[in-house]
Novice: 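The structure follows.
Residue numbers begin at 1 in each chain, while the letters A, B, ... track the order of the sequences.
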There are 2 protein chains.
Amino acid sequence: MVTLKDIAAEAGVSIMTVSNVINGNHSKVSKKTIEKIEKIIQKYNYVPNLTARSLTAKSSKIIGVIVPIKGSFNNLFKDPYISELFGIIQNVVRENGYYLMVRSVKDVSDISALLKNWNMDGAIFLMPDYDNLIYSILKENKLPMVFLDSYSKIDNIISVGINDYKGGYIATRYLINNGHRKILFAGPCHKDGVPIPQIIKRLEGYKDALLESNIEFNESLIVDVEPNYEVGINLGRSICNKEFDVTAVFTTADIMGIGIIEGAKLNGKIVPNDLSVIGFDNLLPSVYVTPKLTTISQDIESKATKAVNLLIEYIEKGSVSNNKITLDVELVERQSVGQLSNLK
Amino acid sequence: MVTLKDIAAEAGVSIMTVSNVINGNHSKVSKKTIEKIEKIIQKYNYVPNLTARSLTAKSSKIIGVIVPIKGSFNNLFKDPYISELFGIIQNVVRENGYYLMVRSVKDVSDISALLKNWNMDGAIFLMPDYDNLIYSILKENKLPMVFLDSYSKIDNIISVGINDYKGGYIATRYLINNGHRKILFAGPCHKDGVPIPQIIKRLEGYKDALLESNIEFNESLIVDVEPNYEVGINLGRSICNKEFDVTAVFTTADIMGIGIIEGAKLNGKIVPNDLSVIGFDNLLPSVYVTPKLTTISQDIESKATKAVNLLIEYIEKGSVSNNKITLDVELVERQSVGQLSNLK
DNA sequence: CTGAAAGCGCTTACAG
DNA sequence: CTGAAAGCGCTTACAG
């Protein structure tokens, strides 16, 4: 392996002159020397050892992406939302000259160990699963961090999220506008007994839309389940079996919406003729299914880009112009919602 | 930040005694000292600085995952195949005590820089896009590497792939068994003018299956296209517009199969009644589409696991029991292929 | 069982 | 414009 020392020896200069050239401190070195050194660097394809650099420099140039270890769902990247988000984060991190280390972790001590181990410059938490742990995370780790979709009450944490309330509201509003009054809400309101704020917000939007139209809120129409395809299928079947007296479903994940459509189909019912379904996220599969899923879209690209930019701003400037970004959501009309009048 | 030095000072021992305790060289330290030191380590939640360690130890514990920068498709992780594969790799890397750095790169010098920058212990190349560059990659970088789906002719590189030939063969065989004799082959046989061996192998399987049934191979039934949803839609339309005289399509990617189904639908034709389609990969969306896509499945979990295990075996033992693993593929019968007799 | 010394490949003040 | 020295936080022989 070629080191600074080798380059310096061959150029007949000191190590730190080479270091200055590499770091672009060209004002400190004569043109002649610069050229000579650059030639040698090229000749050997020299690149600096960044583990050595991060030992002396204040910065490691490593950004950590933290994802939870899920018991039931051991490969989080199967989730198209996560993988799309991650892919963009990767791109933006690279374009800014940083390096990306990913790791799934199970608790705060895992997180702290990881961040300290590599002396990371910053970290992005992809999911809000750690919201109740943020206090201890912040206490143990003094580095720039961005939390996605967090509703943590802790002040001045940096977070990028979406307008979940509005998402719940416009989805429900849309169903009501199509004549529906008996609307099921299906999503993971709680996880391991603790509420998931993001989903609760969507639920609030749902409730307010009902209220506005003088539709009484009915607790029994809230189905608190983990959102996946299989659960969706079962739910779709249950609905068709009249276990719920509803004409429409708002579900907090496209994948579950796709499952509901399938479950209904398995029981001989057709969406949107017999049942309307609206999803959330606007992931690619929502276009593949028949009928194409009407859904609430969030701008994942923007979310990922802003998260990284915010983090890097904080890393490099020590402060951030705006520590709380809430992105807009919008309704994407497709084919899975029907007019209730057509139902009868 | 707490360092070895701090721990040593508080324990009243030398730095290297603490180092021995941390590294589990317990034979070299007295029980008393071990206990004392471990208590202090716990007290401060000390974890070693791995950038420092990797400077002295022969090992950095970093494994690189290399993905290509695609011009047209800037977020590779939108591809469910890549993201599922990646997620499993991440898990297995972590479970083995290594750390994962991902990066998209555009050429050999990018790759070499990355690997040298971090003094990586090993690297996994997720896609065979670099096959024609492997020689120069190997020349510039002397570290353990695993190439997925490579058909490089270079001996003794470590690779994990699937039986592409068989995949092409059984897919085509299945269509023939269902009475089809005019079968389109759609996939990216070439990229930027150079053949993609993986797809060529599937094409060979296709040809041999035809040959076996005395069906003449027809060059004009090979559609050499990038496999994505939009291309699939256009292809589906073209087929229904009689631009190709076929009754079935074998496509090398599920996503394109899903597009073909959609394209046919847009032109008023129904799969499998009017056209049969078979895909490749058995990704989740193949179940979401209507009709559910019949496809060739590969075991992504096994692929990812073997790739990491092989890499780590090589890193830790300096050699590998088997440097070329080819995984089996199988047909997954669903609903997108019909009997030709039913077509008329 | 314990430790002093050297060194990994860099950068950061500082002196000239 | 150039360089000698110290140090980042570890590990590796080696000596006792």
Novice: What class does the angle between the rings of B:Phe147 and B:Phe125 fall in, given that below 30° is parallel, 30 to 60° is tilted and above 60° is perpendicular?
Specialist: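 B:Phe147 and B:Phe125: parallel rings.
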Novice: For side chain to side chain contact (heavy atoms under 4.5 Å, CB included), just list the numbers for A:Thr51 and B:Trp118, CA-CA rounded to whole Å, side-chain angles, deciding distance to a tenth of an Å, and then say yes or no.
Specialist: CA-CA 6 Å; A:Thr51 66; B:Trp118 294 101; 3.7 Å; yes
Novice: Any chance you could measure B:Lys324, atom NZ, to B:Ser150, atom OG, to the nearest 0.5 Å?
Specialist: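 So the NZ of B:Lys324 and the OG of B:Ser150 are separated by 6.0 Å.
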Novice: What is the distance, rounded to the nearest whole Å, between atom CD1 of A:Ile7 and atom C1' of D:dG3?
Specialist: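 The distance from CD1 of A:Ile7 to C1' of D:dG3 comes to 18 Å, rounded to the nearest Å.
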Novice: Tell me whether the OP1 or OP2 atom of D:dT2 has a side-chain N or O from A:Thr17 closer than 4.0 Å.
Specialist: no
Novice: Can you tell me if the side-chain N/O atoms of B:Ser54 get under 4.0 Å from OP1 or OP2 in C:dC8?
Specialist: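 Answer is no, no contact under 4.0 Å.
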Novice: Which whole-number value in Å describes the distance from B:Leu55 CG to D:dC8 C1'?
Specialist: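 Going from CG in B:Leu55 over to C1' in D:dC8 covers 9 Å.
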Novice: So what does A:Thr51 touch, heavy atoms closer than 4.0 Å: a base, only the sugar-phosphate, or nothing?
Specialist: nothing
Novice: Base, backbone or nothing for each nucleotide of nucleotides 10-16 of chain C, written B, S, -, heavy atoms under 4.0 angstrom, 5' to 3'?
Specialist: BBBB---
Novice: Would the number of heavy atoms belonging to other residues, nucleotides or ligands and lying under 6.0 Å from NZ of B:Lys5 be above 12?
Specialist: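 No - once you tally the heavy atoms of other residues, nucleotides and ligands closer than 6.0 Å, there are 12 at most.
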Novice: Is it true that, when you exclude B:Lys142 itself, more than 12 heavy atoms of the residues, nucleotides or ligands shown sit nearer than 6.0 Å to its NZ?
Specialist: yes
Novice: Hey, what do you get for CD1 (B:Ile37) to CD (B:Glu10), rounding to the nearest 0.5 Å?
Specialist: 11.5 Å
Novice: Does a sphere of radius 6.0 Å around CD in B:Glu313 hold more than 12 heavy atoms from other residues, nucleotides or ligands, not counting ones at 6.0 Å or beyond?
Specialist: yes
Novice: Using Watson-Crick pairs (N1 to N3, plus N6-O4 or O6-N4) and G-U wobble pairs, both distances under 3.5 Å, which stems of at least 3 pairs involve DNA chain D?
Specialist: C:1-3 with D:14-16, C:5-12 with D:5-12, C:14-16 with D:1-3
Novice: Do A:Asp110 and A:Arg103 pass the salt bridge (Lys or Arg N to Asp or Glu O under 4.0 Å) test, and can you show the C-alpha distance, the side-chain angles, and the key distance before you say yes or no?
Specialist: CA-CA 10 Å; A:Asp110 265 14; A:Arg103 198 163 176 97; over 6 Å; no
